[in-house]
Engineer: 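Supplied in structure tokens, the structure appears directly below.
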Amino acid sequence: MEGAILRTENLKVSFGDNLVLKGINMEIAEKQVTAFMGPSGCGKTTILRAINRLHELTPEAKVEGKIFLHSENVYEMEAMTVRRRVGMVFQRPNPFPTMSIADNVISGFILNGIKLKGPEKLQIVEDALRKVALWDEVKDHLKKKGTSLSGGQQQRLCLARAVAMKPEVILLDEPTSALDPLSTAKIEDLLYELKGNYTLIIVTHNMQQAARISDKTAFFYLGELLEYDDTKKVFTNPKNEKTQNYITGRFG
Amino acid sequence: MKNRWRILENKIFVRWLSISAILTMVLLLMFFLTLLVSSWPAIKANGFSFLWSKNWDPVNSHFGMLPFLIGTLITSFLALLISAPFSIAAALFLGEFYPKGVIPNIFRNVIDLLAAIPSVVYGFWGLYTIAPLISHLQQKMHLQASGLGIFTASIVLSIMLIPYSVSLIRQVISMTPTPLKEAAYALGSTRREVITKVIIPSNISGISAGFLLSLGRALGETMAVTILIGNAPELPHSIFSPSYTMASVIANEFTEAVDEIHTGSLIEIGLLLFVVTTIINLIGRLIIKRAIA
Amino acid sequence: MTPFDTRGLKRRRFKDKIFTSIVWGLTFSCLLVVFIILFYIFKKGIGSINWALFTQGPKPVGELGGGISNAIVGSLMVVVVAALFAIPMGVSVGIYLADNRGKKWAERVAIAVDVLQGIPSIVIGIVIYIWIVKPVGSFSSLSGSVALAIMMLPPIIKNTEETLVLIPNTLKEASLGLGASYFKTTMKILLPTGIGGIFGGCIIGIARITGEVAPLLFTAFGNPAMVKSIFKPVDTVPKVIFAYASSPYDDWRRIAWGGSLILVVFIILLNAIIKLFERKWKVQF
Ligand SMILES: Nc1ncnc2c1ncn2[C@@H]1O[C@H](COP(=O)(O)OP(=O)(O)O)[C@@H](O)[C@H]1O
Ligand SMILES: [Mg+2]
């Protein structure tokens, strides 16, 4: 694939004896939105966490195979560097409870020991919050705690936090599944806006969401990649029977 | 450059965490070895008869700790016995009768205040309240009336144990599975029957562990007991007799002991206290962990 | 006595009532004892609280008056230095335990902490005497602080561990996900988030040691003079209470009651602060 930013090579992840990802080979296109779909427990979260090397926090997790970011093997890089270049937004909003809204946005800088000067800091905060369409809502109380916001706002704050670091890839693990429909719509609009400028990988159970914002869709089943193609093709003309059942079941 | 430092800083931090944790264990081991090495001359000189000889005579350099052993055991067990009904009742009150709400919460905090009073203040208080009462009682019974002795020490010690036992036993009791209790209630049992036939029997090991840990605490309790027990290095005749405990004799004689065997014998008593409380705590924690896990 | 025996029902109800009354009665006697003791200490101590108690040192035998200023300063010094030792150490071990839950070594360390908590304080005094006082050749406030620091460790370790374990893992992952190191994640996210509980543990530790005499008998020892060096023996408030408690002089006992009241009020205040902290600094996730 041309312009692939991420490539996995026979990626296997197991928890103890439980082989969860059974050798995934795929490429993720740069500046495109890729949707990961599939029934619960099929390994979508697991693959995102493998890219970001978060499995290293789980002692029983074992990752085999290779993941390339551009041409570098992620597992031969410094974990901190990988994670700085690959941002992540989690299923539940998780702003840092001790930090203000502004500090949450620049938390990546704070946590990496990067000192920002006053005006530069404000600029980054404003830029990031504008990108996630939160600026107008919070610009008058940037000093308030990030956790004082509503769930939907918190999730946008977390997206801003990731965006502020200018990552090459942003991983989004069901970012709207814990939100109300209105907030979900907002985040969706936002991702649609970001499309074209960022490489996004989004895990979602929501067909309409995937259909609307993604360029490519990957369908996973029991730890295997069953189908991976242009979103349109996957939705209108799935090759695999399982994919078809899943899609029609969900749409029906 | 910057990244290098971050990685190094992180490595040092992780290493330090493990070191600090290991140090905690090493500390314990060092305690044991220090006590053992320092008391070794005395252990050799005193032999095993140290444990059952009833003659503690620093002047003639003869050391037997039986009076202290007996004094410690009687005082501690008596204190445990006195406090047990109160501890169980308060634990039931807070863990089963009224586990939630404002008033029980206040009660719990009030009982916890008992833990806020320092041992030496308990001793001081007991000296001017409990001791005169006991002295009065002794006069009525035509005993020698000093007011100081095992009984006085045990009463005050029992009060000191209450917050500790209550909190341990309350935790155990409040972990009783609700279905178990409901099954008993559903059969038409009264609360007393549920408590005496279900809650206490099914938690008996946890409750015993609570008392065991309280006992461990009583054995090593020093200041209050030193003030109240009368400090008489002889075998007691009755529970009113003045006596001596292991911790008290250390407190009173350690800085005054001049010859090596005297100091060593006191350290040997300390070693014994260390070993016994360690074993009690190991067993107690094990049972409690199992009970509330 | 089967549950369905209706003839026995009255009897059973009666027994239940008796049982409940006994539980109530015994619980209330516990509460009563608390009030009796506190009231007594207050009554005896309040009369001795005066300016001289805080500003003057002890007077020679026979002279009336004087105070415990040297012991108050001594107590503060011993406790503060102990806290300086114990807090960094205890918090570190707590972090280690929280992060390695379930691992073999963490289990062992946790057991060691439990055992440490149960060691009689007088035994800690002996060991620190052997470690520090004997080799140096003199009693010192510093050696007392070391003994007290060891007593402070278990509550700090446990509270830190329990607090950190409650912080949702997602917070840690969010931080690491931004490329932060484990060190920065701990210092900038986890510790600030759990600061209420950790601080609470430190205060519990301080409350635990402030009233201790036993570990100080052979370490900080005692000293009627005002001391400002951690290398000299020093008086502490509980030590003075012990020394004066069984003394034949009314005036000394009066001072001891004053000291007791100060000590008890101080520790109760610490307890109140803990409660406040746990409520106020409880971080919302
Ligand atoms: N930390 C873990 N320990 C053990 N098993 C895990 C762990 N995380 C995930 N799994 C298992 O891996 C499988 C895939 O999980 P996941 O990737 O979260 O699925 P999903 O596609 O719903 O995101 C599940 O069967 C789950 O039980
Ligand atoms: Mg998932």
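Residue numbers begin at 1 in each chain, while the letters A, B, ... track the order of the sequences. Predicted model, so just to flag it, every value in this text is computed and none were measured.
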Engineer: Mind checking whether B/Phe97 and B/Phe93 have parallel, tilted or perpendicular rings, split at 30° and 60°?
Structural biologist: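 Correct class here is parallel.
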
Engineer: Verify, without hydrogens or angle tests, whether B/Thr277 (side chain) and B/Phe274 (backbone) share a donor-acceptor contact under 3.5 angstrom.
Structural biologist: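 Such a contact is found between B/Thr277 side chain and B/Phe274 backbone.
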
Engineer: Aromatic contact between C/Tyr40 and C/Trp257, with the criterion being ring centroids under 6.0 Å apart: yes or no?
Structural biologist: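 Distance test on ring centres: under 6.0 Å, yes.
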
Engineer: Between C/Arg101 and C/Glu161, is there a side-chain N and carboxylate O pair less than 4.0 Å apart?
Structural biologist: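 The answer is yes: the pair qualifies as a salt bridge.
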
Engineer: Among B/Ile22, B/Asn109, B/Leu29, which residue has the highest count of heavy-atom pairs closer than 4.5 Å to chain C?
Structural biologist: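 Option with the top pair count is B/Asn109.
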
Engineer: Select one option (side chain, backbone, both, neither) describing which atoms of B/Phe32 are under 4.5 Å from chain C's heavy atoms.
Structural biologist: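 Neither part, no heavy atoms under 4.5 Å.
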
Engineer: When only pairs under 4.5 Å are counted, which of B/Phe107, B/Tyr122, B/Phe254 shares the most heavy-atom pairs with chain C?
Structural biologist: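 Among the listed options, the one with the most contacts to chain C is B/Phe254.
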
Engineer: What option among B/Thr263, B/Ile162, B/Ile111 has the most heavy-atom pairs under 4.5 Å with chain C?
Structural biologist: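 Highest number of pairs under 4.5 Å: B/Ile111.
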
Engineer: Using a heavy-atom cutoff of under 4.5 Å, enumerate the residues of residues 235-243 of chain C that contact chain B, numbered in order, or state 'none'.
Structural biologist: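 So far as heavy atoms go, C/Pro238, C/Ile241, C/Phe242 are the residues that approach chain B to under 4.5 Å.
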
Engineer: Relative to chain C, which of B/Ser119, B/Ala90, B/Ser87, B/Ser83 shows the most heavy atom pairs under 4.5 Å?
Structural biologist: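 Heavy-atom pair counts peak at B/Ala90.
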
Engineer: Among the options B/Lys11, B/Met30, B/Arg191, B/Glu9, pick out the one with the most heavy-atom pairs lying under 4.5 Å from chain C.
Structural biologist: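 Looking at each option in turn, the highest pair count goes to B/Glu9.
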
Engineer: Please determine if C/Arg11 and C/Asp16 form a salt bridge, counting it only when a charged side-chain N lies under 4.0 Å from a carboxylate O.
Structural biologist: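 No, this pair does not count.
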
Engineer: Examine B/Arg6 relative to C/Phe183 and say whether NZ or CZ is less than 6.0 Å from the centre of the six-membered ring and inside a 45° cone about the ring axis.
Structural biologist: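 No - B/Arg6 does not lie over the ring of C/Phe183 by the 6.0 Å and 45° rule.
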
Engineer: Any idea which of B/Pro163, B/Gly220, B/Ala116 has the most non-hydrogen atom pairs under 4.5 angstrom with chain C?
Structural biologist: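 With the most close heavy-atom pairs to chain C, the winner is B/Ala116.
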
Engineer: Can you confirm if the NZ or CZ of C/Arg108 lies within 45° of the ring axis of C/Trp105 and under 6.0 Å from the centre of its six-membered ring?
Structural biologist: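 Yes, C/Arg108 and C/Trp105 form such a contact.
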
Engineer: Which region of B/Ile195, side chain (C-beta onward) or backbone (N, CA, C, O), has a non-hydrogen atom less than 4.5 Å from a non-hydrogen atom of chain C, or is it both or neither?
Structural biologist: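 Contact with chain C is through the side chain of B/Ile195 alone.
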
Engineer: For the residue pair C/Tyr182 and B/Phe13, categorise the inter-ring angle as parallel (less than 30°), tilted (30 to 60°) or perpendicular (more than 60°).
Structural biologist: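 Answer is tilted, since the angle falls between 30° and 60°.
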
